[in-house]
> 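Got a structure for you, written out below as structure tokens; questions coming shortly.
Numbered from 1 within each chain, the chains take letters A, B, ... in sequence-line order. Please read these numbers as outputs of a predicted model, since none were measured by experiment.
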Number of protein chains: 2
Amino acid sequence: MSKCEQCIVREFSSLKALNKDELIKMANCKTSYIIKKGEPIFEEGESVNGIFCIKDGICKLSKLSANGKDQIVKLVKPGELLGQRSMISDEPANLSAVALEDMEVCFIPKSEVLGFFNNNNQFSMNMMKSICGDLKEADDHMVSMAQKTVKERLAETLLYLEDTFGKNEDGSLHIQLSREELAGMIGTATESCIRLLSEFNKSGLIDLTGKKIVILDKNKLKRMAE
Amino acid sequence: MSKCEQCIVREFSSLKALNKDELIKMANCKTSYIIKKGEPIFEEGESVNGIFCIKDGICKLSKLSANGKDQIVKLVKPGELLGQRSMISDEPANLSAVALEDMEVCFIPKSEVLGFFNNNNQFSMNMMKSICGDLKEADDHMVSMAQKTVKERLAETLLYLEDTFGKNEDGSLHIQLSREELAGMIGTATESCIRLLSEFNKSGLIDLTGKKIVILDKNKLKRMAE
DNA sequence: TTTAAAATATGATATTTGTCATACTTTAAT
DNA sequence: ATTAAAGTATGACAAATATCATATTTTAAA
């Protein structure tokens with residue numbers, strides 16, 4: 001069992017407010033998991049009785065809509081927490097969390113987290129701020145979905161993916177999404193997504209080589225995203 | 001200066017966790033306002049150094065999109081709080097709050113609220129739960145925007161308006177939105193909204209008399225909204 | 001009350017986007 | 001290595017939605 005003190009999640013999440021004793025307590029009650037690419041961490045409707053710390057790997061938070069399509073609401077990266085909303089509201093998960101890469105996560109049971117809430121105001125405050133950040137993102141995302149065209153949203157999303165998850169040595173987006181998943185992020189049909197990618201490719205905005213996507217003209221994409 | 005003890009906001013919001021002493025302290029530092037229909041409580045980009053308690057009247061939270069349209073993100077009704085997100089994140093408001101009816105609101109300064117956070121865990125917990133509720137709503141709303149057609153969203157919204165704000169004696173929706181505002185809620189062009197309302201009217205789903213909207217066939221609307 | 005402005009309504013049309021069909025390519029299983 | 005399945009790509013077409021024009025109605029101001 002590793003100590004939580006050096007963990008990336010401790011460094012970047014609300015957990016940074018925990019002191020040594022609290023970290024030791026947490027280390028003693030945590031459970032570590034390896035999640036393979038494609039596997040769920042939890043699914044819509046399940047109870048989540050604690051929070052997950054993302055040590056490594058990226059996952060998607062998505063929701064199945066009435067028409068059978070999977071809408072990706074958010075991507076979560078190492079250093080972040082997962083499951084807070086559901087745990088705090090004491091409700092089943094509203095979204096499914098599925099690994100986009102092999103992942104390492106730790107689970108901290110609810111009782112432990114509630115203890116921190118009661119004894120560490122800074123931790124509570126951090127958590128509140130973090131959820132407020134999620135809320136702002138969600139509101140902005142909503143306005144984007146409602147007011148922008150599919151083309152604008154694709155441009156916006158490609159830029160977001162490069163900025164948030166970086167690129168490989170060859171300049172291609174580090175994060176690997178299938179066309180279907182990319183379509184699920186921007187909220188459109190897979191074919192429409194593919195068609196627009198081809199269009200961006202032909203007009204020199206991006207380069208497509210197999211699954212790899214390289215952003216060639218960032219400024220033009222930015223203008224396109226508005 | 002009225003005591004906060006009997007206030008509807010105290011009854012229905014996170015404030016229900018406050019004890020007598022805290023209520024008295026709050027009553028002593030609050031400021032009351034009357035906001036006329038159409039006037040803003042705060043606007044996108046402004047700093048909000050506290051929270052607003054909605055004693056009476058309904059307001060819209062909206063965001064101006066790049067194409068100049070005002071997207072309504074949420075409606076807020078008596079008993080609810082306003083401005084928490086911005087206050088907690090210590091960021092300018094992400095949304096504008098504008099009165100849809102004449103309103104009565106009270107403002108509680110940030111210093112006071114932070115004091116409650118530090119001394120009253122139940123209040124913090126309530127606030128966290130409330131923001132988590134907002135986040136769930138926003139996520140669901142986002143999926144709706146991304147995956148549903150305008151017709152489905154209009155049906156959904158009309159039902160929401162009746163369920164949330166009730167109806168007058170003549171059966172018409174109590175809340176009065178202009179066509180432009182309704183379009184801003186469902187995320188479409190005003191003309192498209194008007195056209196669909198006419199269509200719903202002709203097919204007997206609703207009745208339109210001037211500005212008044214009466215829902216005639218709730219079940220059919222529900223099925224249409226999916 | 002009269003009049004101008006704003007809101008509502010509707011038609012015509014263009015644009016965007018989704019759906020279905022099909023072909024090609026890559027991936028993974030036998 | 002071969003083959004089936006999944007993923008990617010593209011065309012043809014239909015449906016949904018936006019835009020522009022204009023008429024009508026309502027609201028509010030002089």
> Let me know the distance between NZ of A:Lys212 and P of C:dT27, rounded to the nearest Å.
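Rounded to whole Å, this separation is 11 Å.
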
> Which atoms of nucleotides 20-25 of chain C (N or O only) lie under 3.5 Å from a protein N or O atom, and what are those distances?
| residue | atom | partner | partner atom | Å |
| --- | --- | --- | --- | --- |
| C:dC20 | N4 | A:Glu191 | OE2 | 3.4 |

> Could you check how far CG of A:Leu197 sits from P of D:dG7, rounded to whole Å?
16 Å

> In whole Å, I'd like the distance from the CD atom of A:Glu152 to the C1' atom of C:dT17.
14 Å

> Output yes when a side-chain donor or acceptor of B:Asn168 lies under 3.5 Å from a complementary backbone atom of B:Asp170, and no otherwise.
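Such a contact is absent between B:Asn168 side chain and B:Asp170 backbone.
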
> What is the separation between atom CG on A:Leu208 and atom C1' on D:dT8, rounded to the nearest whole Å?
11 Å

> B:Asp140: which residues meet the side chain to side chain contact (heavy atoms under 4.5 Å, CB included) condition with it, sequence neighbours left out?
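Per chain and number, B:Asp140 pairs via side chain to side chain contact (heavy atoms under 4.5 Å, CB included) with A:Lys63, A:Asn94, B:Lys136.
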
> What's the shortest heavy-atom distance between B:Glu80 and B:Val9, and which atoms?
O-CG1, 4.2 Å

> Take atom CD1 of B:Ile194 and atom P of C:dA12, then tell me their distance rounded to the nearest Å.
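The answer, rounded to whole Å, is 17 Å.
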
> Mark yes or no for whether A:Ser47, through its side chain, and A:Asn49, through its backbone, hold a donor-acceptor pair below 3.5 Å.
no

> Give, ordered by number, those residues of residues 59-75 of chain B having at least one heavy-atom distance below 4.0 Å to an atom of DNA chain D; if nothing qualifies, reply none.
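Those residues are B:Lys69.
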
> What residues, two or more places apart in sequence or in another chain, satisfy side-chain hydrogen bond (donor to acceptor under 3.5 Å, both in side chains) together with B:Lys110?
B:Asp90

> Compare all side-chain heavy atoms of A:Ser144 with those of A:Arg153 and state whether any distance is below 4.5 angstrom.
yes

> Applying salt bridge (Lys or Arg N to Asp or Glu O under 4.0 Å), can you list everything that pairs with B:Lys220, at least two apart in sequence or on another chain?
none

> For residues 193-201 of chain B, tabulate all N or O donor-acceptor pairs below 3.5 Å that involve a side-chain atom, not counting sequence neighbours.
| residue | atom | partner | partner atom | Å |
| --- | --- | --- | --- | --- |
| B:Ser198 | OG | B:Ile194 | O | 3.2 |
| B:Glu199 | OE2 | B:Lys151 | NZ | 2.9 |
| B:Asn201 | OD1 | B:Leu208 | N | 3.4 |

> Extract from the structure each pairing of a protein N or O with an N or O of nucleotides 13-17 of chain D at less than 3.5 Å, listing the distance.
| residue | atom | partner | partner atom | Å |
| --- | --- | --- | --- | --- |
| D:dT17 | OP1 | B:Val150 | N | 2.8 |

> Judged by each residue's nearest nucleotide on DNA chain D, which is more toward the 5′ side, A:Ala146 or A:Leu177?
A:Leu177

> Would you say the side-chain atoms of A:Lys148 pair up with the backbone N or O of A:Ala225, donor to acceptor, closer than 3.5 Å?
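Yes; at least one donor-acceptor contact below 3.5 Å.
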
> Quick test of your reading of the model: are A:Asp134 and A:Arg85 salt-bridged, counting only N-O distances below 4.0 Å?
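Here A:Asp134 does not pair with A:Arg85 in a salt bridge, since their nearest N and O are not under 4.0 Å apart.
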
> Rounded to the nearest Å, what distance is computed from the CZ atom of residue A:Phe200 to the P atom of nucleotide D:dT10?
15 Å

> Answer yes or no: does atom CD of A:Glu180 have more than 12 heavy-atom neighbours from other residues, nucleotides or ligands under 6.0 Å?
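Count not over threshold, so no.
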
> From CD of B:Glu181 over to P of C:dA6, roughly how many Å is that when rounded to an integer?
16 Å

> Excluding sequence neighbours, so at least two apart, what forms side chain to side chain contact (heavy atoms under 4.5 Å, CB included) with B:Thr157?
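B:Thr157 satisfies side chain to side chain contact (heavy atoms under 4.5 Å, CB included) with B:Leu161, B:Leu182, B:Met185, B:Ile186 once adjacent residues are dropped.
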
> Angle, rounded to 10°, between the helical axes spanning five pairs at each terminus of the helix from C:dT1-D:dA30 to C:dT30-D:dA1?
50°

> For B:Phe52, what residues pass the ring pair (Phe, Tyr, Trp, His ring centres under 6.0 Å) criterion, not counting sequence neighbours?
B:Phe42, B:Phe107

> What side-chain donor-acceptor pairs closer than 3.5 Å can you find for residues 53-60 of chain A, not counting sequence neighbours?
| residue | atom | partner | partner atom | Å |
| --- | --- | --- | --- | --- |
| A:Lys60 | NZ | A:Glu181 | OE2 | 3.1 |

> Under 4.0 Å from OP1 or OP2 of C:dT10: is there any side-chain N or O of B:Ser198 that close?
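Yes, such a contact exists.
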
> Counting only heavy atoms not in B:Lys37 (residues, nucleotides, ligands), do more than 12 fall under 6.0 Å from its NZ?
no

> Salt-bridge test for A:Asp217 and A:Arg223: reply yes if a basic N is under 4.0 Å from a carboxylate O, no otherwise.
no

> Between the protein and nucleotides 24-29 of chain D, which nitrogen or oxygen pairs come in under 3.5 angstrom?
none

